[in-house]
2 protein chains.
Amino acid sequence: MYKEPPLSGDISSPSRGPQLSEQVATRLSEAIQSGEWARGERLPTEAALGQRFGISRSVVREAISMLRNAGLVTSRRGSGSFVADAPTVSLRLALPDSDLASVIEVLELRRPLEVEAARLAASRRTPSQLRRIRNAMVDIDEAVEAGLSGVEQDLAFHRAIAEAAHNAHFTAVLDFYNRFLHHAIQVTRTNESLRETFMQQVVAEHQAIVDAIAAGDAEAAAQAAARHLEHAEVRLRQAPEDLIARVQAQRPGAPE
Amino acid sequence: MYKEPPLSGDISSPSRGPQLSEQVATRLSEAIQSGEWARGERLPTEAALGQRFGISRSVVREAISMLRNAGLVTSRRGSGSFVADAPTVSLRLALPDSDLASVIEVLELRRPLEVEAARLAASRRTPSQLRRIRNAMVDIDEAVEAGLSGVEQDLAFHRAIAEAAHNAHFTAVLDFYNRFLHHAIQVTRTNESLRETFMQQVVAEHQAIVDAIAAGDAEAAAQAAARHLEHAEVRLRQAPEDLIARVQAQRPGAPE
DNA sequence: AAGCTTAATTTGTCAGACAAGATGCTAAAT
DNA sequence: ATTTAGCATCTTGTCTGACAAATTAAGCTT
């Protein structure tokens, strides 16, 4: 039995304006969302699609790449491209600047989340998660002793706590925003490393959070986290201007 | 004068696992987000990038295609690819289910954000923003008296508070997650409308938040918001199962 | 100096090829 | 007969080279 090709027609003739690959992506997207192919079903090969639309494989690949980025399809080498079975939604927002005001704006959002994450972690963490949090804290010290900044380890420490909260939304949002704090954390850590008292203070604050989580004391964990983040913001504001500029300059190929 | 390429190193040698184009996209993305190239600046040609990474132009194109789709760069034929003037980053996550557990997971994240937003709004709201918050509260009552559910007005009320916090990240994240709460809020509001005492309770809670924000009392605003959200969760949990199902069925094209 | 023409660049598209996995069939082994 | 090993085939990923289309810059004319 012959079945009329659902996506019919050469595409080159009508619309010449927009990008070719975009048109194809749009049509494929519509076809998928209209249920043309079921979830998890394999869609035609790139060659077949190219022939159907009368375009080259390159364009098909670009179009499918868009759909893949949009979370509508997944591709497996050697196997094919499939309609995603777990559709995703995306939050798009402007890339924050890296000046002090913008960083503090991000910190304002991060603080209540980290505090709540610590609170939840205290009452929900599994033994293995507690172990991972403790390891992350040790990793920070080791990185510092090795002469590194310890930024990655610092972020990993906070991520371990977020994971222990057993709520994927916290890790998602915090991961998302922490990407913009690399530089800011580097500044505070560099600043802290210049004063022995600051360094001890940070270690003590981390320790307090971990102790509260280990004890399962949700309120204490929340308070310890709140204290830590408030102090971190203070330490960031107190960082000398020239230090901010200097750390910024350390980034590979920053100024010209 | 020779300048060491900021993004150095052949990429093919170390990691063979993940997709090549994905690695390149990641490295370019990091470079952009770390300010490697300024906003609106042109990045190297595809050929140059290919040479720098030791890969073919196809892979560079795929990588740039990803960044373009992610809103980080824009490409102009004949001219080049540029860092987007208003670069955006996207947080992608799985579409939450609408069952009770998933809704409560979202609420867990929303609560600390709404509380902090109320706290900030109390100390930062402009007179016009206070007016808008009050109007939003009135709109809820009017919608209810008109026989509507008031879900939209309820969300608008919370959004007005978030806006008064003067931090775009709060509105962005809350807007994002509130999309998934339409149904849940409808359930609670429907449930509340069935009992006069619940209804009065909700109005009183809203009033307490607004009063604290109007008075500029940050702590009182935070506490009032926390109380409201805790009670809302309780009211959601107490909603009869059949009510949840009934409201769900009202959604356009819900069941098959 | 201003405007037009032309050449050089750069992305978009095409075409063909091979590499890297994945799938399914066939034949051998138990 | 069932399982296993090998093998042919298919599909996506990457490479290479080429041309088309659009932009940019230089040069030339006036």
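Naming convention: chains lettered A, B, ... in sequence-line order (proteins, then strands); numbering from 1 in each chain. What's counted below: heavy atoms across the whole structure, side chains too, no hydrogens, waters or symmetry copies.
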Please determine whether side-chain contact (heavy atoms from CB on, under 4.5 Å) holds for the pair Glu114(B) and Asn178(B), giving the CA-CA distance in whole Å, both sets of side-chain angles, and the decisive distance to 0.1 Å. CA-CA 11 Å; Glu114(B) 294 267 10; Asn178(B) 280 344; 4.3 Å; yes
Determine: side-chain N/O of Ser56(A) to OP1/OP2 of dC14(C), distance under 4.0 Å, yes or no.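 For dC14(C), OP1 or OP2 has a side-chain N or O of Ser56(A) closer than 4.0 Å.
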What are the two closest heavy atoms between Pro112(B) and Glu108(B), and how far apart are they?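 Reported closest heavy-atom pair: CD-O, 2.9 Å.
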Specify the separation, in whole Å, of atom CD1 of Ile55(B) and atom C1' of dG13(D).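 Taking atom C1' of dG13(D) as the reference, CD1 of Ile55(B) is at 12 Å.
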Heavy atoms from other residues, nucleotides or ligands near CD of Glu41(A) exceed 12 (cutoff 6.0 Å):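 Above 12, so yes.
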Atom-pair distance (CG on Leu20(A); P on dA20(D)), nearest Å: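 Leu20(A) atom CG is separated from dA20(D) atom P by 16 Å.
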Rounded to whole Å, how long is the line connecting atom CG of Leu49(B) with atom P of dT10(C)?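 For the pair Leu49(B) CG and dT10(C) P, the rounded distance is 11 Å.
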Value rounded to 0.5 Å, distance of CG in Leu72(A) from CD1 in Ile64(A):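 With rounding to 0.5 Å, CG (Leu72(A)) is 12.0 Å from CD1 (Ile64(A)).
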Rounded to whole Å, how long is the line connecting atom CZ of Phe53(A) with atom C1' of dT13(C)?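 It works out to 16 Å between those atoms.
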Checking contacts here: which listed nucleotide (dA22(D), dT16(D), dG13(D)) is nearest the side-chain heavy atoms of Arg77(B)?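 From the listed options, dA22(D) comes nearest.
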Name the orientation class of the two ring planes belonging to Tyr177(B) and His169(A) (parallel below 30°, tilted from 30 to 60°, perpendicular beyond 60°).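 Perpendicular.
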Between Arg42(B) and dT10(C), is there a side-chain N or O to OP1/OP2 distance below 4.0 Å?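 Result: yes.
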When you get a sec, tell me which of dT16(D), dT24(D), dC14(C) is the closest nucleotide to the side chain of Ser58(B)?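 Of the candidates, dT16(D) comes closest.
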Distance check needed: dT12(D) P versus Glu22(B) CD, whole Å only.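 In whole Å, dT12(D) P and Glu22(B) CD are 17 Å from each other.
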Please pick, from dT11(C), dC14(C), dT12(D), the nucleotide with the shortest atom-to-atom distance to any side-chain atom of Ser81(B).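 In terms of side-chain proximity for Ser81(B), the closest of dT11(C), dC14(C), dT12(D) is dT11(C).
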Any residue in residues 62-73 of chain B with a heavy atom nearer than 4.0 angstrom to DNA chain D? Just list them by number, or reply none.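 Residues of residues 62-73 of chain B under 4.0 Å from DNA chain D: none.
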Does Arg124(A) use its side chain to pair, donor to acceptor, with the backbone of Ala165(A) at less than 3.5 Å?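 Looks like yes, one N/O pair under 3.5 Å.
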Would you say a side-chain N or O of Ser79(B) is under 4.0 Å from OP1 or OP2 of dA22(D)?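 No, outside the criterion.
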Over how many whole Å does the gap from Gln51(A) atom CD to dA15(C) atom C1' extend?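 It is 14 Å, rounded to the nearest whole Å.
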Determine whether any donor atom in the side chain of Arg76(B) lies under 3.5 Å from an acceptor atom in the base of dG12(C), or the reverse, and answer yes or no.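 Side chain to base: no pair present.
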Side chains of Arg27(B) and Phe53(B) in contact at under 4.5 Å (non-hydrogen atoms):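 Side chain of Arg27(B) against side chain of Phe53(B), heavy atoms only: contact under 4.5 Å found.
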Check if the side chain of Arg57(B) and the base of dG12(C) share a donor-acceptor pair of N or O atoms closer than 3.5 Å.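 Side chain to base: pair found, below 3.5 Å.
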